[in-house]
Amino acid sequence: MDRYTPAQIEAKWQAEWNTADVFKAKADTSKPKYYVLEMFPYPSGNLHMGHVRNYTMGDVIARYKMSTGHNVLHPMGWDAFGMPAENAAMASGGHPKDWTYANIAHMRDQMKPLGLSIDWSREFATCDPEYYGQQQALFLDMLASDLVYRKNAVVNWDPEDMTVLANEQVIDGKGWRSGAEVERRELTQWFFKISDMAGELRGALENLDNWPAKVRLMQENWIGQSRGLQFSFSLINGPDGRDGIEVYTTRPDTLLGASFVGISPDHPLAKQLEEDNADLAAFNAECRKGSTTEEALEKADKMGFDTGLRVRHPLDTSWELPVYVANFILMDYGTGAIFGCPAHDQRDFDFATKYDLPITPIYLPDADSAPELTEAYVPAKTDVVTYVKGFAGEAQQTGAAAVDAAIAFCEGEGVGQGKTQYRLRDWGLSRQRYWGCPIPVVHCDACGVVPERKENLPIRLPDDVSFDIPGNPLDRHPTWRDCDCPSCGKPAQRETDTMDTFVDSSWYYSRFTSPNATTPIDSDEAAYWMNVDQYIGGIEHAILHLLYSRFFARAMHITGHLPASAVEPFDALFTQGMVTHEIYQTRDTKGRPVYHLPEDVTDGKLADGTEVEIIPSAKMSKSKRNVVDPQIIVDTYGADTARWFVLSDSPPERDVEWTASGAEAAHKFLGRVWRLAQDIAQSDAPANDQDDALLRDMHKAIHDVTGGVESFGFNAAIAKIYGFVATLSKSKAGAAAKQEAMRTLAQLIAPMTPHLAEDIWSALGQTGLVVTAPWPVADEKMLVDDTVTLPIQINGKRRSEIAVPADMSKDEIEKLVLADNAVVKALDGGQPKKLIVVPGRIVNVVI
RNA sequence: GCCUGCGUGGUGGAAUGGUAGACACAGGGGACUUAAAAUCCCUAGGCAGGAAUGCCGUGCCGGUUCGAGUCCGGCCGCAGGUACCA
């Protein structure tokens, strides 16, 4: 008999799809549109299994929607700017542009054999001048609409290489190349005003019904709304020009428990004081060591410096408090100054203990309990506590009620005012790097910061650059930087910072609707195709990329590029898991780990017989060598096997473990289906009494697989297909029924294994392509069973079961249950305490 | 540190609060074959038992419920994010 030969089948059907141009998307108002998008890849050089899984999931949705009468847009592009290209240039010469475009070419070649339903005519890379030129136009429009501004912000500074480092380039507080201790240094940088939209971005999460709840929650917490009091402590002995310190607190109810005021080392007052206080200058310098990450700041030892300044308590002006500079207070949040209440905040408690400051309890669990001062008492804000030093509201109230009362009281006394504050900070977009979108502004001695003229866009990156010394080559380029001021025409300098690559990925989804437009977006195309109906990508993008995209869509609406209906660009979101693999490890003579590629390991041994240590399920990474090259899998088993495997076994939102035996099994199964189709195509068995049972199973399969695909239960859909194939291959039904079942099966597997499906479809004599055939519809009448089996529990444990007609009444079921042998025996002549009958589900007899 | 998830057989996993372990892998047994490969069939959570069956069992501790893998509280472990990796 013939064999299943994916290499031939897949090439053949891909050619057919190309000829018919079935994946080309064109606006067509006669059909409902459906826009499927997977997060576009970074062109690292090689496609990996995570990509295969991500794009296969999107492909299943795209193909399914095509078959249900939708006009589908399913594009692909490249998130092509970023650090790795510069690192490659530094490591091995060459140019980031050449490295990037070569990687794109290679990855496109790896992707095409997968048979994805992508409209390749819309492909672009974010490093194409046609793309980033439009991004520069967007930037200028945002600048004109007051959505962009400049301010100082801290970066990781490597004092030896004299360059700015990314957070991942700081290892244990030291520069990755120089090993020098990193410092936080301030630079003037460009910012998007995302924090102005914090309330809007937070509130609108509520309507994103088709987003995972966890992603919405993560964004909600990230934006972080709080209600508090902003007020001022008056300075008793402040330096010239300073008579108070503005603080923000979310716990004004603890104001009478204040024991110190703390300011950030970057607070203007701290900077002013350090000018003539060498000890404070040294302290601040110590605080500025290390990286800028929140994690590093939070985990750093808590340090304070007594400035000697004193402030008056606003509710009791005879009460004085000391002012400390403390490294755990961030200048970016609130006012950069706080008051400490040690009794009810563990960090303040530790600080007060260390510097011997008073600890005054404000509230207690109940009136009688003596305060224990071994740690801060921090109940939930919703718990009722007893205030012993409150000043507003009831003696017994929740923290939340006391905060509201305290704000009202203080406002009445003229002490500060209530304020809603967000954790979200403005989005710093300046990067001191070459391989990114140039920020289209010019610095002129006479005119200041001047936007480029739109007719001069794109401001292209120069090609003649080198990466032999650290730093941004644009900064030291002999001519690129020099230009004429767009305003006055005198000699001026270009901005040499480029944009954060998150900018590139914050609007690409809308550019796909009109990838060749000479404006950022063609409004007719955007009006037709937006929003993305289904967005698919990794959970690692839950906050930054998705939040920035939501901001950008709003900014693009404000600047007239997107309709109001597109401010939430992603109607539905799905976050998929990673592809993992075992790690094979041996040790060298010094005991250091040595990693081995999966293809070099057989039965836990290397070719020379050395046993390897197996470390289970880790994310595939080059350094651990636990990678499986999709190309090898496609060459060995075919694309359909790779697609089938990454969809089976694990639920899509969870990680999937790649195993060689699993891939082998997927391939065997597809071969079995192919052979079964050949058999059935040639069968001429007459119709018989088995036909009805087979067709009932077929309709159940249609129902279950459809439900699985629609709910992203691809693994569940595949389990049903396994079951249906087993039924079909054992069935004694006639040829006509079997052929109908097989035809339906071809349609059900078409989204997952499209080449195999086409081959079976044509083997069964169908004309046309399965990819354009309408999705089968289950006949409801064929889904209903006449009898159901009810398990009988006795005291919650399964002890027996009965088969009853599906429509039997509760009363009749109860009678049958009480007559059941196991129940009679357990009752031993007595009466049940309770009898619970859940129709169609279960019976529980409580004795 | 903080935010968000996840934790079920030897393995990947299934299970609208309702029969825990579907489906698959690896394993064991068998058929076909001179033999092997390929293919097909059977078996399979643990413990006890010849079997029927019984007991235990979804990271750990406790709670709600007629009934908890699922809901609630506390802990442990792992993963993602933590604003310049993408």
Side-chain angles (χ1 to χ4, degrees), chain A residues 3 39 41-42 44 79 81-84 87 155-156 164-170 194 212-215 217-222 224 291-300 328 332 347 423-433 500-502 505 538-545 547-548 575 577-578 580 582 616-619 645 648-651 653-666 668-669 671-672 675 713 715-716 718-723 726 729 789-793 795-801 832-836 838 840-847:
Chain A
R3 290 176 62 90
M39 290 179 187
Y42 179 77
S44 58
D79 188 13
F81 275 135
M83 262 194 339
N87 292 342
V155 293
N156 300 305
V164 176
L165 299 179
N167 285 333
E168 72 160 10
Q169 295 174 320
V170 180
I194 189 173
K214 65 177 168 184
V215 174
L217 189 57
M218 277 190 257
Q219 290 211 1
E220 193 177 312
N221 290 335
W222 181 262
S291 93
T292 57
T293 65
E294 185 195 339
E295 186 187 5
L297 296 170
E298 280 288 330
K299 285 186 173 171
F328 53 83
D332 287 326
R347 190 183 59 194
R423 201 187 79 100
L424 181 67
R425 309 199 294 258
D426 277 334
W427 171 11
L429 67 121
S430 301
R431 296 293 180 271
Q432 296 70 44
R433 273 186 260 290
D500 178 7
T501 56
F502 273 124
S505 56
I539 185 68
E540 66 272 23
H541 295 295
I543 295 173
L544 294 180
H545 162 61
L547 187 60
Y548 290 157
T575 55
M578 299 178 298
T580 63
E582 291 174 329
S617 297
K619 178 178 177 172
F645 180 83
S648 59
D649 276 25
S650 273
E653 67 276 16
R654 278 217 246 166
D655 296 348
V656 62
E657 165 103 9
W658 182 275
T659 61
S661 54
E664 174 98 28
K668 280 183 188 172
F669 175 74
R672 194 151 74 230
R675 282 193 306 276
N715 57 324
I718 282 178
K720 298 295 179 189
I721 291 171
Y722 271 108
S729 62
T789 303
L790 288 184
I792 299 176
Q793 293 184 334
N795 289 339
K797 293 197 176 191
R798 186 186 172 282
R799 284 291 183 264
S800 182
E801 64 181 33
K833 277 190 196 146
K834 210 168 183 180
L835 187 57
I836 292 144
V838 185
R841 275 280 171 203
I842 204 166
V843 177
N844 193 8
V845 186
V846 186
I847 294 169

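Values below: all heavy atoms of this structure, side chains included; hydrogens, waters and symmetry mates excluded. Letters go in sequence order (proteins before strands), and every chain restarts at 1.
Contact annotation: the side chain of V170(A) never approaches that of T293(A) to less than 4.5 Å [non-hydrogen atoms, C-beta and beyond]. Residues K214(A) and T575(A) are in side-chain contact: their nearest non-hydrogen atoms beyond the backbone lie under 4.5 Å apart. Contact of the V215(A) side chain with the I539(A) side chain is registered, since non-hydrogen atoms from C-beta on lie closer than 4.5 Å. F669(A) is listed as a side-chain neighbour of I721(A), based on a closest heavy-atom distance under 4.5 Å.
V845(A) approaches P832(A) most closely through the heavy-atom pair CG1-CB, 3.8 Å. When all heavy atoms of H545(A) and S505(A) are compared, the closest pair comes out as CE1-O, 3.0 Å. Of all heavy-atom pairs between A542(A) and Q219(A), the closest is O-NE2, 3.0 Å. Closest approach of P791(A) to E801(A), counting heavy atoms only: CA-CB, 4.0 Å. Smallest separation of non-hydrogen atoms from R433(A) and V164(A): NH1-O, 4.1 Å. Across all their heavy atoms, D79(A) and T501(A) have their closest contact at OD1-O, 4.3 Å.
Between Y722(A) atom OH and G12(B) atom C1' the separation is 12 Å, expressed in whole Å. D332(A) has its CG atom 21 Å from the P atom of C2(B), to the nearest Å. Residue R799(A) contributes atom CZ, which lies 12 Å from atom C1' of U19(B) at whole-angstrom precision.
Among the nucleotides C84(B), A86(B), G81(B), the one closest to any side-chain atom of M83(A) is A86(B). Distance from the side chain of P791(A) is smallest for U19(B) among the nucleotides C40(B), U19(B), U4(B). If you check G1(B), U19(B), C23(B) against the side chain of K299(A), the one that comes closest is G1(B). Here the nucleotide nearest the side chain of T501(A), chosen from G18(B), A86(B), A24(B), is A86(B). Taking only side-chain atoms of R798(A), from C-beta outward, the nucleotide of G18(B), U82(B), A20(B) with the closest atom is A20(B). Nearest nucleotide to the side chain of W222(A), out of G18(B), G80(B), A83(B): A83(B). Closest to the V164(A) side chain, of the nucleotides U19(B), G80(B), C84(B), is C84(B). Of the candidate nucleotides C85(B), G5(B), A14(B), A14(B) has the atom lying nearest to any side-chain atom of P651(A).
Within the nucleic acid shown, G82(A) comes within 4.0 Å of sugar-phosphate atoms alone, with no base atom in reach, counting heavy atoms only. Within 4.0 Å of V845(A), counting heavy atoms only, lies no atom of the nucleic acid at all. Across all strands shown, A665(A) has heavy atoms under 4.0 Å from sugar-phosphate atoms exclusively, and none from any base. As judged by a 4.0 angstrom heavy-atom cut-off over every strand, K214(A) is placed among residues touching the sugar-phosphate backbone only. Residue P41(A) is classed as having no contact, given no heavy-atom separation below 4.0 Å to the nucleic acid. Using a 4.0 Å heavy-atom cutoff across all strands shown, S505(A) reaches no nucleic acid atom at all. Residue V155(A) is in base contact, counting any heavy-atom pair closer than 4.0 Å across all strands shown. R347(A) comes within 4.0 angstrom of no nucleic acid atom, judged by non-hydrogen atoms across all strands. Among the heavy atoms of the strands lying under 4.0 Å from N715(A) are primed sugar atoms or P, OP1, OP2 only; no base atom is included. H541(A) comes within 4.0 angstrom of a nucleotide base, judged by non-hydrogen atoms across all strands. Residue-level contact check: F502(A) touches the bases, meaning some heavy atom is under 4.0 Å from a base atom. Within 4.0 Å of L424(A), counting heavy atoms only, lies at least one base atom of the nucleic acid. Residue contacts shown for K833(A) are absent, as no nucleic acid heavy atom lies under 4.0 Å away. If you check every strand for non-hydrogen atoms under 4.0 Å, W427(A) touches nothing.
Using C1' as the reference atom, C71(B) and G18(B) are 14 Å apart when rounded to the nearest Å. Taking the P atoms as reference points, U11(B) lies 13 Å from G59(B), given to the whole Å. Across the P atoms, A83(B) and A14(B) are found 33 Å apart, a figure rounded to whole Å. Distance check on atom C1': G9(B) versus A15(B) gives 15 Å, rounded to whole Å. Of the P atoms belonging to C23(B) and C41(B), the separation is 13 Å, rounded to the nearest Å. Taking the P atom of each, U16(B) and C6(B) are spaced 15 Å apart, rounded to whole Å. Comparing G62(B) with A48(B), their P atoms are spaced 26 Å from each other, to the whole Å. Nucleotides C78(B) and U64(B) are separated by 32 Å at their P atoms, to the nearest Å.
In this structure, G69(B) is classed as anti because its glycosidic torsion departs from zero by more than 90°.
In this structure, D500(A) CG and S430(A) OG are separated by 9.5 Å, a value rounded to the nearest 0.5 Å. Taking CD1 from I847(A) and CG from N795(A), the interatomic distance works out to 5.5 Å, rounded to the nearest 0.5 Å.
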Self-check item: CA sep, side-chain torsions, deciding dist, call: E295(A), N167(A), side chain to side chain contact (heavy atoms under 4.5 Å, CB included)
Solution: CA-CA 11 Å; E295(A) 186 187 5; N167(A) 285 333; over 6 Å; no
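Q432(A) contributes a side-chain N or O that forms a donor-acceptor pair with the base of C84(B) under 3.5 Å. Not a single donor-acceptor contact under 3.5 angstrom links the side-chain atoms of R423(A) to the base of U82(B).
Checking side-chain atoms of N844(A) against main-chain N and O of I836(A) turns up no donor-acceptor pair under 3.5 Å. The backbone N or O of S648(A) sits nowhere less than 3.5 Å from a side-chain atom of N715(A) that would complete a donor-acceptor pair. A donor-acceptor pair under 3.5 Å is formed between the side chain of R423(A) and the backbone N or O of W222(A).
Considering only side-chain N and O atoms, R431(A) lies under 4.0 angstrom from the phosphate OP1 or OP2 of C84(B). Checking the phosphate oxygens (OP1, OP2) of U82(B), no side-chain nitrogen or oxygen of T293(A) falls inside 4.0 Å. R841(A) has no side-chain polar atom (N or O) that falls below the 4.0 Å cut-off from OP1 or OP2 of U19(B). OP1 and OP2 of G57(B) both lie 4.0 Å or more from every side-chain N or O belonging to K797(A). Distances shown here put every side-chain N or O of N156(A) at or beyond 4.0 Å from the OP1 or OP2 atom of C84(B). Look at N167(A) and you'll find a side-chain N or O under 4.0 angstrom from OP1 or OP2 of A83(B).
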Quiz item: How does each nucleotide of nucleotides 61-67 of chain B score, in 5' to 3' order, for protein heavy atoms under 4.0 Å: base (B), sugar-phosphate only (S), or none (-)?
Solution: -----BS
Practice problem: Spell out protein contact along nucleotides 68-75 of chain B as letters: B when the base is contacted, S when just the sugar-phosphate is, - when no protein heavy atom is under 4.0 Å; keep the 5' to 3' order. | Solution: --------
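Base pairing in RNA chain B yields stems of at least 3 consecutive Watson-Crick or G-U pairs, both distances under 3.5 Å, namely B:1-7 with B:76-82, B:10-12 with B:23-25, B:27-31 with B:39-43, B:45-48 with B:53-56, B:59-63 with B:71-75.
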